[in-house]
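The structure presented is a predicted model; accordingly, all values stated were derived computationally and were not measured. All values below come from the heavy atoms of this structure, side chains included, with hydrogens, waters and symmetry mates left out. Counting starts at 1 for both ligands and their atoms, following the listed order.
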Amino acid sequence: MSAWHIGVIGGSGLAEGIGLENAQEIAVESPFGAPSSSVTTGTLDGVRMTFLPRHGPGHAIPPSDVNYRANIDVLKRCGVTDIVSLSAVGSLREEYAPGHFVCVDQMIDRTEGRARSFFGSGMVAHLALADPVCPRLSELLALSAHHAGGTVHPKGTYIAIEGPQFSTRAESRMYRGWGADVIGMTGFPEVRLAREAELPYAMLAMVTDYDAWRDEEAGVEAHEVFATMKANAALARAAVRELVRLLPEVREASPIDRALDGAFATAVDRRDPALLGRLDAVAGRVLR
Ligand SMILES: CSC[C@H]1O[C@H](OP(=O)(O)O)[C@H](O)[C@@H]1O
Ligand SMILES: Nc1ncnc2[nH]cnc12
């Protein structure tokens, strides 16, 4: 049992932050390179919160160039216990309309060539990812978004594409056929890395468009995403404020807090000391 410390990763249209009290901006270094930005740390209703804009100040970093490893490492170094991702998504279902929230529960990875693990040669780790999202945090998030006045879908399968271009109609229809409900460009490898860092992760996805699968309509364009996000950013911030009110006073342990237990394949005498050094925050609990 411990205190909550929620890390919020703000996506498109949410770089300005979530209105923290006693806010302090801190530049935190990571052995995995430069994070998207300095973090803003503070409180909301007495709960410790740390905010990081995924695409950096002024949205200068595209999805393929976000240093997801540094971002997660930095949040871990700040003492974050759980991560909430705020993300703009396209909808692949008629009933998930622009302006609605989706609390994603399953995810499909179509990204390419992004650094997707903190581990590697000299320290091999295999973690379970059958349920990529933390059910406890995701349920609380769905309730918070509902309390904030949003229309919320408590489940949905998210597919991450490499981007930066949006999908063709054929791709969009194929993803529907695969069972995906919403589409974005940033959920992977973020969710993989959060799990490796033993941080429960939930995504509050905000539907901004219908992607490209509807025959009678033009495909999504970026200005549509930005306009919908602008209109709904206040609702997303309100959902985060509601989340803080709904959190149980004490944080019960989650199985994800121990995700690295039993995950290491590499014999102790074959481990790479340089890599182990970089893992001081992410895997500090087990390697100390
Ligand atoms: C601006 S349209 C595409 C852009 O929006 C989403 O970003 P985020 O997930 O950070 O909210 C999507 O993944 C793309 O990066
Ligand atoms: N249609 C879409 N495809 C990929 N990422 C998105 N982010 C918002 N809308 C999107």
Side-chain angles (χ1 to χ4, degrees), residues 7-18 35-37 51-68 71-72 75 83-94 96-104 107-112 114 132-133 141 156-176 178 180-194 201-214 217-233 235-237 239-240:
V8 178
I9 303 179
S12 295
L14 285 161
E16 268 81 62
I18 45 173
S36 296
S37 163
F51 177 81
L52 177 64
R54 180 181 287 122
H55 301 280
H59 199 131
I61 309 171
S64 306
D65 294 348
V66 170
N67 189 339
Y68 297 93
N71 286 355
I72 298 293
L75 291 176
I83 293 182
V84 169
S85 155
L86 303 175
S87 207
V89 295
S91 169
L92 301 172
R93 305 279 158 215
E94 198 69 53
Y96 292 14
H100 290 189
F101 287 108
V102 183
C103 287
V104 165
M107 303 177 69
I108 300 172
D109 191 358
R110 284 264 302 171
T111 65
E112 295 156 23
R114 301 182 184 182
V133 163
L141 206 47
T157 297
Y158 168 102
I159 186 164
I161 57 168
E162 184 57 36
Q165 302 84 3
F166 295 110
S167 306
T168 65
R169 287 191 196 280
E171 287 167 334
S172 193
R173 289 187 203 115
M174 179 175 75
Y175 302 147
R176 273 164 59 78
W178 288 359
D181 301 307
V182 292
I183 183 164
M185 302 179 191
T186 59
F188 285 102
E190 201 168 83
V191 68
R192 296 183 188 281
L193 298 163
Y201 178 99
M203 184 195 291
L204 185 63
M206 279 154 293
V207 177
T208 51
D209 56 86
Y210 274 117
D211 202 45
W213 56 274
R214 290 165 126 204
E217 280 180 27
V220 53
E221 294 196 29
H223 61 78
E224 200 182 335
V225 175
F226 294 129
T228 313
M229 278 311 302
K230 201 168 174 196
N232 288 290
L235 200 54
R237 289 192 191 97
V240 172

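No side-chain donor-acceptor contact under 3.5 Å links Arg54 to the backbone of Leu14. For the pair Arg173 (side chain) and Thr168 (backbone), a donor-acceptor distance under 3.5 Å is absent. Without hydrogens or angle criteria, Arg169 side chain to Arg214 main chain gives a donor-acceptor distance under 3.5 Å. Side-chain atoms of Tyr210 come within 3.5 Å of backbone N or O of Glu94 as a donor-acceptor pair. Asn71 places a side-chain N or O within donor-acceptor distance of the main-chain N or O of Ser36, the cut-off being under 3.5 Å.
The heavy atom nearest to atom 4 (C) of ligand 1, considering only Ala15, Ser12, Ser64, Ala88, is found in Ser12.
Every atom of ligand 1 is numbered from 1 in the order shown, and the set under 4.0 Å from a heavy atom of Phe226 is 1 (C). Numbered from 1 in the order shown, with element, the atoms of ligand 1 that lie under 4.0 Å from a heavy atom of Thr186 read 8 (P), 9 (O), 10 (O), 13 (O), 15 (O). The contact set between ligand 1 and Gly184, taken as ligand atoms under 4.0 Å from a residue heavy atom, comprises 13 (O).
Judged by distance alone, the side chains of Thr208 and Glu224 never bring a donor and an acceptor atom under 3.5 Å apart.
When the options Met185, Glu190, His55, Arg114 are evaluated for a side-chain contact (heavy atoms from CB on, under 4.5 Å) with Val66, the one that passes is His55.
Between Ile183 atom CD1 and Thr157 atom OG1 the span is 12.5 Å, to the nearest 0.5 Å. Note that CZ of Phe51 is 6.5 Å distant from CD1 of Ile18, once rounded to the nearest 0.5 Å.
For atom 10 (O) of ligand 1, the closest non-hydrogen atom of the protein is His55 NE2, 2.5 Å. Ranking protein heavy atoms by distance to atom 15 (O) of ligand 1, first place goes to Pro63 CG, 3.2 Å.
Taking any N or O of Met185, backbone or side chain, at least one lies under 3.5 Å from an N or O belonging to ligand 1.
Remark: distances from the non-hydrogen atoms of Gly163 to ligand 1 are all 4.0 Å or more.
At least one side-chain heavy atom of Met107 sits under 4.5 Å from a side-chain heavy atom of Val133.
Here Tyr158 has no heavy atoms under 4.0 Å from ligand 1, in either its backbone or its side chain.
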Give every pair made of an N or O atom of ligand 2 and a protein N or O atom lying under 3.5 Å apart, one pair per line with both atom names and the distance to 0.1 Å, or write 'none'.
unit_1: ligand 2; atom_1: 1 (N); unit_2: Asp209; atom_2: OD1; d: 2.9
unit_1: ligand 2; atom_1: 1 (N); unit_2: Asp211; atom_2: OD1; d: 2.8
unit_1: ligand 2; atom_1: 7 (N); unit_2: Ala88; atom_2: O; d: 3.2
unit_1: ligand 2; atom_1: 9 (N); unit_2: Gly90; atom_2: N; d: 3.2
unit_1: ligand 2; atom_1: 9 (N); unit_2: Asp209; atom_2: OD2; d: 2.7

